[in-house]
Amino acid sequence: MPFKRPLLSSHTTDDSESQSDSSHGGPSKRRRVSSPRNIEKDKTVLVYILQAKIDPEMMSELAMLVENYKVERGNESLEGPTSVSELNLELTGDVEKADVIVTATNMRQRLERHVEWRIAKTKAIVTPLWLQDSVKSGRPVPYGSYIAVHHLEDETSRSHDTVQDASSGSPSNMPSEAEKQSCWQTEPTELIDTTEVELLSHTAKYSCLRPSPLVCPNQSLVKEIDVIRQGRNVEGEERSMLSYSRAISVIKAYPHVITKHNIRDLHELPFLGVKILSMIEEFLKTGQITEAQRMLADPRFQSLSAFITIHGIGPHTARRLYDLGLRTLEELERYYEVKPGVSDEETMPLLDAEASANTEAAGEQSIKIGLALRHDLGQTIPRDEVEEINGTIMRELGHIQKGCKSVIAGGYRRGKPQSNDVDIVITHTDWNLGSQKVKGLCRKLVQRLHEQGLVTHVMHLSGFHEHNVLRTHHWDSLEKALTVFVSRHNSSRQNVYRRVDLIFTAPEVFWTAVVGWTGSTMFERDLRLWAKQQKGMKFDSSGISRRHDSKLYHPRTERDVFKVLGLVYIHPTLRNADA
Ligand code: DCP
Ligand code: MG
């Protein structure tokens, strides 16, 4: 079944095209029940998704639906009990524990191949549409219209009572037929081409050959292993960290729920060594990995992990601060003499002191800004706000230079419901003269945004390096500004500081930059490795070249980037090769 995927937002500064892409398709936002609720009454509905007959993309779509819903719901509950919706969803890999089995199977015999009949009879067995509609209406919709296996009609309809208890909803919140149809067509975007996905393989050695959904069928396992990866990261144990990152990326692409029955299949996958396999076994038995739990309880891990959430503090600096005896963010504030919420750093001179951007003083200034604004910068940014920020920036850019276009890259483009920052890649639509037209534009735009009160700080501003034939730079040969942007998006219309990265490129390297900034990090790492090891090429966000004669490639589309590298195109939402 082809699904529409999340928005690949692009934007131009042409007035005629200045609408965000999202306006074309009329994104249908999930309606929420906003009346007061008794949270006690909310029951968690444990959902088991039966893989049989559900293709991997749909499987991850469904898993993602639940995970995204949980994230959004989590954010809601922070706002207070009045807006808590009634649906508590949780995925389970254990069919016996499940309240609901979601399946595309409609025959008893087929179902019985996967679920014992005595168990099936105690569950609600519904079609995937039940999950989609329940999430959409924010309540568990009655099972009756979604019965998957007609032999179980009575059992399934009865089970609804259990779930309905948690709900006081009225049928008026049910999506209409038209809404049901448009459920997966909320945003105008390119469809995932299933024939292309079939050319990928989850057993491949490079993550740029594997389809990696945002939320995979083994997401809780991935999260647990990611704790250990993070432990290695904060301690600077890079080789070990990379091993865990690789293991995570392989599991992200594994399309089945791992159980004791299929764990042997994992032996055929790359990068899963004895140690990690025993951790997976432990996780299957206990739902935890001892080493991850030990790490979470370790005060040093807690301090270092908290420190690296501050912009400008990497693992090395975090350890240095820890060695000075600092343990909490409050202690860091005192150490750096920063008042929370107040950041009166003289940051704009950085615009004129490009060379100083990498000095120790600039680094410290960046940490101070990150620390002072940490309460805002630590909050994630919802997709509609990301789009709004892009819209505002492109409108301002239109006053300086007409004909520019942008693509929001980063996690947003991979389908994340919440981003930590906004990454915008910008170029000019004139293929021949665009390069000249974007030159110096980054600085001008930042200046203008600053004058408008939209950008308060610039953590880093780097110029357009003249073409570097040897292409020794990886990350710095584009015009780039890492800024703090003032967003007025939230409901109270209060200002909130957001991290926004602006990347300006010549048209010839625009799509390469978009691919380079879309991520995820492991996907990018493997793109570079693939290019080098298998194609004798060099890939990074500033361009693609052939190693032996430095021939440059100028892809005109994103698909061309993949083609030049000899790769099957992978949709951005299947590039989530990190946890
Ligand atoms: N990137 C990279 N190598 C780096 C930094 C970034 O390859 N050293 C790429 C991969 C990232 C993308 O750029 O996915 C954007 O970087 P972010 O740090 O903004 O990460 P994301 O956008 O993926 O997630 P989020 O911003 O929500 O944390
Ligand atoms: Mg980002």
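Side chains are part of it too, since the values below use all heavy atoms of this structure and drop only hydrogens, waters and symmetry mates. Counting starts at 1 for both ligands and their atoms, following the listed order.
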Using a plain distance cutoff, I'd like to know if [X] has any nitrogen or oxygen under 3.5 Å from a nitrogen or oxygen of ligand 1.
X    : value
G410 : no
E524 : no
D423 : yes
K416 : yes
S520 : no

Once you restrict to heavy atoms under 4.0 Å, what part of R525 touches ligand 1? Side chain, backbone, both or neither.
neither
Any idea which part of D501 is under 4.0 Å from ligand 1, heavy-atom wise: side chain, backbone, both or neither?
neither
With a cut-off of under 6.0 Å to the ring centre and 45° to the axis, is R528 in cation-pi contact with F539?
no
Should the pair K551 and Y553 be classed as cation-pi, given the thresholds of under 6.0 Å to the six-membered ring centre and 45° from the axis?
yes
Less than 4.5 Å apart, any side-chain heavy atom of [X] and any of [Y]?
X    : Y    : answer
R319 : R300 : yes
N390 : S406 : yes
W517 : L478 : yes

What do you get for the angle at the Mg ion (ligand 2) between OD2 on D423 and OD1 on D421, to the nearest 10 degrees?
100°
Does the T427 side chain pair with the main chain of T505, one donor and one acceptor, at a distance under 3.5 Å?
yes
